[in-house]
Amino acid sequence: MRLLREIAEMEERRILFEGIDTPDIDRWPVYCKHGGGQGLLRARSLSPENVIKEIQSARLRGRGGAWRLVGDRWQQAQAEGGADYVVVDLLEPDPGRFRDRKLAERHPHRLLEGARIAAHAVGATSIFLCIDAESLRARQALQQAIVATQEQATTIQLHPARGPFPLAAGSSLAVELLRGGRAEPQADDGVAGLDRLFAGSAIVHSASTLGYLPALLATAGDVFQTVGSEWAPGTQAFCVSGLVRRPGLYEVELGRGTVRDLIEGIAGGARPERAIKFVLHAGYGSSPVLTAGDLDRPLDPGLWADPAGGPLSGVFGGGAVIVADDSVCPVDTARRLAQAYAGAACGKCLPCREGTAWLAAALSRLEAGTAQANDLAWIIQRCNHLTPAVALCGHAPSAARSIRALHDAFPEEFAAHLDGGCAVAKDLSMKVPDSIHMRY
Amino acid sequence: MNQGRPEAAARPVVPEELADRAHAIVAAYPEPKGALHPLLDLVLSETGSWDGTWAGWVAQLTGTPVVTVHGIARSRRLPEADGEEIAVCTGLSCRWMGAEAVCQRLQEVPNIRVVAVNCLGACSAAPAMARNGRLHDGLTPERLDALVAGDR
Amino acid sequence: MATVRIHIDGEPVDVDAGTNLLMALLDAGHAMAHPCFHPSLSAPASCRMCLAAEEVGDSLRLITTCNRTVVEGQRLSLSHPQAVAARSGVVEDMLLRHPAECAICERAGECEVQEAVFVHGNGATGATLPGRRKKVELGPRLILDRGRCILCTRCVRFEAEVSGTDALAVSGSGADAVIDTCGAPIAHDMTGNLLDLCPSGALSEPGERLHAPAWQMTGISSTCPGCASGCATRIDVANGRVQRVKPRSDGADAQGYWLCDVGRYGWQAETERLTTPQLRGTAVEWDAVFAEVAEHMEQARRGAILLSPFLSNEEAFLLGHLARRWEADLFLWQATDPAGDRVWPTGFTIRAERGPNRAGVRAVTQALDLPLGDGAALERRLGAGDVDALFAVGGSLHGETPEVTVPDELFLAVQDVQPSTWIRNPDAALASSSAWTEKEGTFVDGLGRLQRVRAAVEPPGEARPDFWILAALWHGGPNRDSPDQAFSRLSRSSSSGSFAHLDYGILESRQRPAEGVAFGGGWTSQLQRRGLIAVEDHAKRR
């Protein structure tokens with residue numbers, strides 16, 4: 001498998017995945033031999049307050065996609081009397097995102113060490129790792145790592161749950177899975193604070209966020225001093241997939257290069273005789289679709305997050321980069337996304353349950369050339385309607401944003417489909433045979 | 001007052017080893033209800049299908065109403081009861097990288113049911129498929145043929 | 001209680017601290033559809049209908065109002081274009097699969113989906129999805145039409161939080177999610193409330209389609225005679241017939257928004273009615289019966305009157321006076337469920353004391369300073385041959401019977417709803433009114449609350465209201481005496497007792513009646529009263 005092996009022109013900078021190519025790094029003695037465990041040792045020699053201060057000054061932001069400052073969240077948690085549980089969210093239902101599971105699979109001790117540091121900082125004694133039950137490799141690696149490092153101070157429990165899971169559902173989804181409820185997020189009730197879990201409280205972190213903690217603690221935050229942008233120090237591991245020469249998981253410094261450097265440099269650019277058509281910069285909701293002309297955006301979430309950021313404004317996302325070349329039909333892509341979102345919808349909130357199902361049906365008609373005259377107008381109208389707050393979580397809004405963005409980037413191709421035309425020769429953006437049962 | 005509860009009489013025969021594992025899982029949670037999803041997964045992966053009689057068992061272990069267990073189980077990805085199943089990833093990358101060809105090739109193999117699934121998380125090594133929970137990625141026609149031939 | 005001030009579309013509104021934000025909006029008279037919200041259930045905020053724009057600094061953000069409490073200084077805009085568009089968009093989402101079959105829907109006219117379309121919809125929808133066409137039976141009295149279901153989960157939450165039976169769950173995910181019992185039928189004594197809760201007509205009872213439509217029904221406020229809990233009810237009448245009984249949640253007199261199935265369906269059980277007055281098994285005119293009863297009771301040396309806990313205070317008052325005139329002794333039997341009180345998780349109670357007005361009958365005899373014996377005392381007197389004429393009134397509401405054996409030789413007059421099965425064939429049978437739907441007067445329930453009971457329909461055939469019969473016996477023939485007047489006399493005669501200084505006017509002012517066009521269950525009828533459902537228009541049209 002092609003993971004981090006082919007180094008391209010643009011430099012990779014590994015903090016999260018540091019040492020991942022070391023053979024047997026998933027074994028505890030090997031991990032220790034290569035400096036593993038130092039971060040936790042140092043963290044435990046400090047008071048939780050000092051750990052929080054260090055993370056605050058390092059300005060570590062959550063890598064799940066919301067990019068909130070981890071240190072500030074911990075401080076708030078401490079103000080509430082600390083959290084009883086650290087919940088690690090490894091669910092990653094987003095299309096094109098597999099970073100957390102890779103981390104768990106290849107570098108499990110790093111994840112566990114990070115989770116233990118977080119537990120020390122917020123005063124938790126239990127850690128739950130919430131993971132898709134069907135990610136067998138990651139489960140196995142984590143289970144072995146848990147057994148190898150059992151200790152009294154903090155218990156770690158793997159919490160496998162079967163999918164499907166709604167995308168961009170926020171932290172309450174993992175908490176609800178732990179409560180033994182339906183795989184549904186909870187509505188925002190305007191009350192700030194920690195999630196309630198069992199008789200106590202829980203703080204939820206993405207696995208990748210925690211993966212930075214060992215390095216940060218071991219170096220007293222030095223590692224973020226020189227790496228990354230001012231708004232978001234450090235690196236981001238991008239899951240580059242789709243139609244590029246070297247798809248893979250690449251960790252690069254934030255604020256250094258552009259999307260083009262990542263795709264055309266490290267990932268090798270388009271395949272021979274093909275040109276990049278658009279890029280879905282996704283994961284945790286979706287951001288505007290980048291067309292070939294948009295690729296010079298800097299890889300700095302701070303610039304994207306600014307609502308007044310003009311053409312840059314959008315959601316930086318959680319690191320999934322899906323590249324399509326000129327053999328791909330954007331209508332087919334929209335249809336496939338809509339189907340995936342409809343299939344993964346939990347069904348709790350009305351606009352998403354009905355809306356995503358309708359979008360999938362309408363886009364299927366459009367793609368097949370059997371759309372009714374108003375369908376395209378209605379697709380856009382429904383997409384505009386499905387904004388955050390209208391739906392209970394980020395699932396439907398992110399579907400709507402992706403579909404809307406694909407339409408805005410390629411309006412002619414969408415319009416052409418109304419008359420049954422498709423500008424793309426369908427050699428690759430093909431359909432799965434009808435005889436195959438679809439399941440999500 | 002309990003007339004609304006489904007009859008939990010049809011209890012499955014639970015192998016001792018499975019029961020021990022289940023109890024160990026329940027013990028890992030401050031409240032037994034927390035173990036519901038892991039127990040569902042345990043039943044599904046051990047039995048290969050969701051048979052309603054298990055709902056009563058899981059309900060009893062977790063202190064959850066039987067109907068709730070049923071409802072949650074039926075909202076999860078459930079394996080089919082019969083035959084071998086291969087899940088072919090049809091996420092964007094896998095589609096673009098040849099999931100169709102994988103499906104077509106597999107359909108020619110007798111006694112295998114092919115289902116298309118959303119994403120197996122192997123996007124950078126597309127196309128991918130999962131067989132009996134084991135992931136096979138970076139599929140090429142040769143690898144696929146070897147995989148199919150290896151079993152038959 | 002501390003109040004907080006919020007601003008709704010610029011208007012300042014003061015509400016109690018801790019008030020639910022949606023309730024504050026509704027109380028302030030703002031129309032807001034909320035298919036998933038119910039004031040007595042938890043709020044999942046899943047229908048996303050009650051959206052309002054909240055001003056935060058210079059910017060606006062949409063919030064759901066049902067799962068928040070009021071915050072001091074909060075500024076909400078309901079009429080902001082963004083909020084209006086969002087709500088109408090959610091209505092459209094709701095209609096994507098909801099069948100447009102209002103013309104044949106049982107719930108038409110009292111449907112919260114319709115209400116949402118009227119209040120928030122913007123006219124037309126261009127998008128539809130093929131719906132589900134599946135009806136399933138959830139229990140003996142419940143049918144679920146999954147095509148109409150909008151998955152608000154009120155029923156699931158009711159079964160978890162109120163009935164405590166956890167009989168329902170959401171099964172499946174996404175667009176395939178359905179409400180399901182997973183095979184086990186729902187059968188407990190609170191199932192009728194699910195009909196009231198359902199906002200969309202997805203839950204109905206067998207035969208409900210044969211009811212008159214909601215806009216033809218008139219609701220009569222009454223009190224449930226099913227037990228001593230004294231739940232407030234609304235009897236819906238159309239075409240001169242009772243169509244259904246619903247809970248009425250207007251004051252402290254109700255048990256929340258709920259009514260048990262005993263109270264809801266009890267009236268349907270009285271199928272075999274006594275429809276003519278009879279003397280020794282032969283139908284006669286009322287005058288003949290009055291003369292016969294009066295003669296025997298007056299001549300009796302040791303007359304006795306058996307009162308029932310199903311009598312109203314006014315009826316007991318007249319019987320007290322008759323007892324004085326006839327020099328008869330009074331006895332009161334008790335209807336008790338041997339299983340004891342049945343208490344649901346939220347405290348909802350079906351009392352072991354089945355008689356709705358035992359406390360009232362006792363209070364009336366006390367006010368009249370008359371001694372009152374119990375059923376056992378009467379039994380002893382009968383056994384000793386110490387009674388030569390017995391007038392037994394009211395009874396068989398639940399088929400409960402006083403345990404008395406009446407010897408053949410004494411004169412027996414029975415005033416009852418059904419041909420009497422609990423006592424030997426009477427010499428005189430007085431066909432009277434059902435306490436469920438035909439009684440006018442007042443009850444005192446097990447908590448000592450005095451409440452009005454109202455007649456919704458006339459007794460069938462020659463049967464007459466108990467009060468009319470007793471007043472005729474008192475006055476020597478049919479007359480215009482009314483429960484209202486009797487109550488005033490009762491009030492005057494008990495200068496310091498339970499009924500002092502009260503009259504129907506005062507009672508009416510304390511109890512908020514539900515007269516007018518009937519609408520849904522307790523919660524919907526509240527909305528109706530708040531003017532949020534176009535009741536007035538319906539009323540004018542009729």
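Just so we're clear, the structure is a prediction, and the values are computed from it rather than from any experiment. A, B, ... follow the sequence lines: proteins, then strands. Residue 1 opens every chain.
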With a 4.5 angstrom heavy-atom cut-off, could you sort out which part of A/Arg101 is near chain B: side chain, backbone, both or neither?
-> side chain
Closest heavy-atom pair and its distance - A/Pro247, B/Ser124 = CG-O, 3.4 Å
Would you check if B/Thr90 and A/Gln339 make a side-chain contact, meaning some heavy-atom pair closer than 4.5 Å?
-> no
Using non-hydrogen atoms only, which part of A/Leu136 is less than 4.5 Å away from chain B: side chain, backbone, both, or neither?
-> side chain
Checked A/Gly242, A/Ala183, A/Gly347, A/Ser126 vs chain B; the most non-hydrogen pairs under 4.5 Å come from A/Gly242
Taking every heavy-atom pair that is under 4.5 Å apart, which of B/Ala35, B/Cys119, B/Pro38 has the most such pairs with chain A?
-> B/Pro38
Kindly compute the distance separating NE2 (A/His159) from CG (B/Leu36), expressed to the nearest 0.5 Å.
-> 8.5 Å
Applying a criterion of heavy atom separation less than 4.5 Å, what residues of residues 16-30 of chain B form contacts with chain A?
-> B/Ala28, B/Tyr29, B/Pro30
For chain B, the option from A/Ala324, A/Ser135, A/Ala138, A/Gly200 that forms the most heavy-atom pairs under 4.5 Å | A/Ala324
Please look at B/Thr68 and chain A and tell me whether the side chain, the backbone, both or neither of the residue comes under 4.5 angstrom of a heavy atom of that chain.
-> neither
Looking only at heavy atoms, the pair that brings A/Pro164 and B/Ser75 closest together is CD-O, 3.6 Å
How far apart are the closest heavy atoms of B/Ile72 and A/Gly180, and which atoms are they?
-> CD1-O, 3.6 Å
Hey, which of B/Arg76, B/Arg134, B/Arg77 is the one that makes salt bridge (charged side-chain N to carboxylate O under 4.0 Å, His left out) with A/Glu134?
-> B/Arg77
Interchain contact, B/Leu42 with chain A, by part (heavy-atom threshold 4.5 Å) = neither
Chain B contact via A/Asp84 - which portion, at a heavy-atom distance below 4.5 Å = neither
What part of A/Leu158 gets closer than 4.5 Å to chain B, counting heavy atoms only: side chain, backbone, both or neither?
-> backbone
Measuring from B/Glu31:CD to A/Leu178:CG, what's the distance to the nearest 0.5 Å?
-> 11.0 Å
Can you name the closest pair of heavy atoms from A/Phe98 and B/Gly121 and give their distance?
-> CB-O, 3.2 Å
Where do B/Trp96 and A/Val323 come nearest, in terms of heavy atoms and distance?
-> CZ3-O, 3.3 Å
Grab the two heavy atoms, one from B/His37 and one from A/Leu177, that are nearest each other, plus how far apart they are.
-> CD2-O, 3.3 Å
Listed partners of B/Glu108 passing salt bridge (Lys or Arg N to Asp or Glu O under 4.0 Å), at least two apart | B/Arg105
Quick one: list whatever passes salt bridge (Lys or Arg N to Asp or Glu O under 4.0 Å) with B/Lys33, sequence neighbours left out.
-> none
Go through the atoms of B/Leu40 and report whether side chain, backbone, both or neither lie under 4.5 Å from a heavy atom of chain A.
-> neither
What residues form a salt bridge (Lys or Arg N to Asp or Glu O under 4.0 Å) with B/Asp41, not counting sequence neighbours?
-> A/Arg139, A/Arg162
